[in-house]
Amino acid sequence: MSEQDARGVIAGVSELLPVLRERAQETEDARRIPDESIKSLQETGFFKLLQPKIYGGYEADPVTFYTAVKMIAGACGSTGWVASILGVHPWHLGLFEAQAQEDVWGENVDTRISSSYAPMGKATVVDGGYRLSGRWSFSSGCDHATWVMLGAPAFADGKPVDFCTYLVPIADYTIVDVWDTVGLRGTGSNDIVVEDVFVPGHRALSFMATSKCKTPGQEVNPGPLYKLPYGSVHPSTITAPIIGMAQGAYDAHIEHQRTRVRAAYAGEQAKEDPFAKVRVAEAASEIDAAWLQLTRNIDELYQLACRGEKLPFSTRLRVRRDQVRGTERAIAAIDRLFENSGGRALKMGTPIQRFWRDAHAGRVHAANDPERAYTMFGTGEFGLPVENAMV
């Protein structure tokens with residue numbers, strides 16, 4: 001992707017932010033992203049950022065993608081979350097066999113895919129593929145997709161033989177509306193139900209392949225983007241919008257404090273409160289640190305891939321360490337600001353309480369388990385083997 005193309009997408013996203021900000025409450029009330037918002041994001045080229053060039057994509061560097069996600073989430077947390085999730089799936093599909101990519105994009109390069117990677121179902125190995133059944137939760141943005149990626153162990157003769165991601169068309173699954181939450185309400189992260197569906201072998205991708213960064217899709221997508229580890233790209237896709245939410249909360253807090261008068265303190269203007277200034281400085285530093293670590297690490301991996309060099313396992317472990325730390329920093333920043341925003345910030349419809357709820361909802365995603373990521377990093381530092389596919 002040329003710098004000019006990247007600037008064009010970022011500029012398009014920037015122009016869209018005021019509209020997304022205005023729709024934030026509508027999005028939350030509807031419990032799904034408005035169709036107009038998805039259409040507008042598509043028109044900016046956002047969903048093509050990580051899509052293979054052979055199907056009209058940009059194959060952009062990942063920092064460009066995460067930057068756009070951060071911007072969107074800073075306007076509306078739910079929209080940023082769904083944009084990030086739907087936006088990373090073209091990258092993941094680029095790792096599948098060529099025929100799977102053709103199945104999805106052959107007739108329409110704008111086809112979108114949702115996901116639910118947790119092993120909530122079961123696949124049985126059969127001639128030519130798998131029989132898949134199960135019920136998966138938390139498929140964000142599924143109302144705006146016509147394919148889904150689902151995680152499940154594969155069994156042969158009653159024994160587990162692999163763990164794969166299965167690509168399933170909308171004709172073979174049902175969406176069940178269950179999403180009613182205190183945070184990320186607008187993401188429409190509903191359940192996906194599959195009942196004994198045949199999945200051809202080319203529409204399954206082993207996690208053993210993704211963890212080794214050796215996937216069949218690299219035969220048709222040889223670019224550096226598709227040599228990056230799943231355990232680096234996808235978890236960062238979860239943290240990037242949370243950092244964006246923290247930035248959105250920060251901007252809303254600053255705007256709120258500029259005009260706030262603290263009646264309990266003899267009409268003192270909040271912007272003159274020295275303690276409020278300390279909190280602002282602390283929050284700003286945490287947000288900056290989270291973003292700088294995330295983008296530095298991902299860019300380092302990408303530059304190594306561009307040069308055709310090996311991606312050190314120690315670097316991959318650092319990516320996961322700083323990814324969960326980035327989420328922690330973003331949450332700490334939002335909490336610090338929210339505590340000092342006053343009672344009026346609690347009113348439904350105000351931006352800061354919505355960002356606070358959305359960020360905390362994003363925090364509970366499995367990719368944000370800090371102890372697990374920190375333990376992996378420490379294990380690697382001591383020279384011990386790390387056995388985890390999410391690195």
Side-chain angles (χ1 to χ4, degrees), residues 30-35 38 42 47 51 55 78 81-97 99-155 160 162-181 184-207 210 217 230 234 237-238 365-367:
R31 297 185 298 112
R32 69 191 298 274
I33 309 301
D35 293 339
I38 296 295
Q42 179 176 310
F47 293 117
Q51 190 159 318
Y55 287 105
S78 287
W81 183 270
V82 169
S84 195
I85 297 297
L86 296 184
V88 80
H89 291 152
W91 171 83
H92 195 183
L93 180 56
L95 307 182
F96 278 70
E97 289 187 29
Q99 185 58 54
Q101 298 176 53
E102 181 66 18
D103 290 350
V104 175
W105 288 318
E107 295 184 2
N108 182 4
V109 294
D110 291 319
T111 299
R112 288 182 293 272
I113 313 160
S114 68
S115 69
S116 183
Y117 292 111
M120 306 297 287
K122 178 181 177 180
T124 301
V125 178
V126 296
D127 186 31
Y130 307 83
R131 302 298 304 188
L132 180 67
S133 295
R135 180 166 180 155
W136 289 260
S137 299
F138 313 124
S139 188
S140 300
C142 58
D143 288 331
H144 303 289
T146 52
W147 288 77
V148 67
M149 292 176 173
L150 301 171
F155 287 80
D162 202 351
F163 181 85
C164 300
T165 299
Y166 306 89
L167 186 62
V168 181
I170 196 168
D172 290 343
Y173 65 86
T174 302
I175 298 173
V176 183
D177 186 350
V178 297
W179 192 247
D180 188 7
T181 57
L184 293 177
R185 284 184 60 80
T187 61
S189 302
N190 289 305
D191 287 4
I192 302 293
V193 176
V194 174
E195 298 180 359
D196 192 28
V197 163
F198 175 70
V199 180
H202 67 268
R203 291 189 198 157
L205 180 62
S206 170
F207 257 87
T210 56
Y230 176 92
H234 191 272
T237 298
I238 299 302
H365 190 283

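Starting from 1, each residue takes its place in the sequence as its number.
- With contacts defined as side-chain heavy-atom distances shorter than 4.5 Å, the pair Val148/Cys142 does not qualify.
- Put simply, the side chain of Arg185 reaches to within 4.5 Å of the side chain of Asp180, judged on heavy atoms.
- Contact between Glu97 and Gly201 at its shortest, heavy atoms only, is OE2-O, 4.4 Å.
- Put simply, the side chain of Asp196 never gets that close to the backbone of Ser133: no donor and acceptor are under 3.5 Å apart.
- In this structure the side chain of Arg131 reaches within 4.5 angstrom of the side chain of Phe198, judged on heavy atoms.
- Cys164 and Ser206 make their closest contact through SG-CA, 3.9 Å (heavy atoms, listed as atom of the first residue, atom of the second, distance).
- Remark: His234 pairs with Tyr117, Tyr230 by the ring-ring contact (aromatic ring centres under 6.0 Å, His included) rule, at least two apart or across chains.
- Of the possible donor and acceptor atoms, one in the side chain of Gln51 sits under 3.5 Å from a partner among the backbone N and O of Val109.
- The number of heavy-atom neighbours closer than 6.0 Å to CD of Glu195, taken from other residues, nucleotides and ligands shown, is 12 or below.
- At a cut-off of 3.5 Å, with distance as the only test, no side-chain donor of Thr111 or Thr146 sits close to an acceptor on the other residue.
- The distance from the OG1 atom of Thr237 to the NE2 atom of His92 is 11.0 Å, given to the nearest 0.5 Å.
- Of the inter-residue distances, the one linking Ile113 atom CD1 with Phe47 atom CZ reads 11.5 Å to the nearest 0.5 angstrom.
- Counting all heavy atoms, side chain and backbone alike, Ala145 lies closest to Ile170 at O-CD1, 3.8 Å.
- Scanning both residues, His144 and Ile33, for their nearest heavy atoms gives NE2-O, 2.8 Å.
- In terms of heavy-atom proximity, Ile238 sits nearest to Ala367 at CG1-CB, 4.1 Å.
- When the salt bridge (Lys or Arg N to Asp or Glu O under 4.0 Å) test is applied to Arg112, no partner is found at least two apart in sequence or on another chain.
- Taking Trp179 as the reference, nothing meets the ring-ring contact (aromatic ring centres under 6.0 Å, His included) condition, with sequence neighbours excluded.
- Taking the side chain as every heavy atom from C-beta outward, Val176 and Asn190 never approach each other to under 4.5 Å.
- Separating the OG atom in Ser137 from the CG atom in Asp191 is a distance of 4.0 Å, to the nearest 0.5 Å.
- For Thr165 (side chain) and Leu150 (main-chain N/O), no donor-acceptor pair under 3.5 Å exists by modelled atom type.
- Shown here is Phe138, whose CZ atom has no more than 12 heavy atoms of other residues, nucleotides or ligands within 6.0 Å.
- To the nearest 0.5 Å, the span separating CD1 on Ile38 from CG on Asp143 amounts to 10.0 Å.
- Looking only at side-chain heavy atoms (C-beta outward), Asp172 and Val194 stay at 4.5 Å or farther from each other.
- In this structure, CD1 in Ile175 is found 4.5 Å from CD1 in Ile192, a value given to the nearest 0.5 Å.
- Contact annotation: the side chain of Leu93 approaches that of Trp105 to within less than 4.5 Å [non-hydrogen atoms, C-beta and beyond].
- What you find for Ala204 and Tyr130 is that their closest heavy atoms are CB-CE1, 3.4 Å.
- To the nearest 0.5 angstrom, Arg203 atom CZ is 14.0 Å from Tyr166 atom OH.
- Here the side chains of Leu86 and Ser114 are in contact, with some heavy-atom distance below 4.5 Å.
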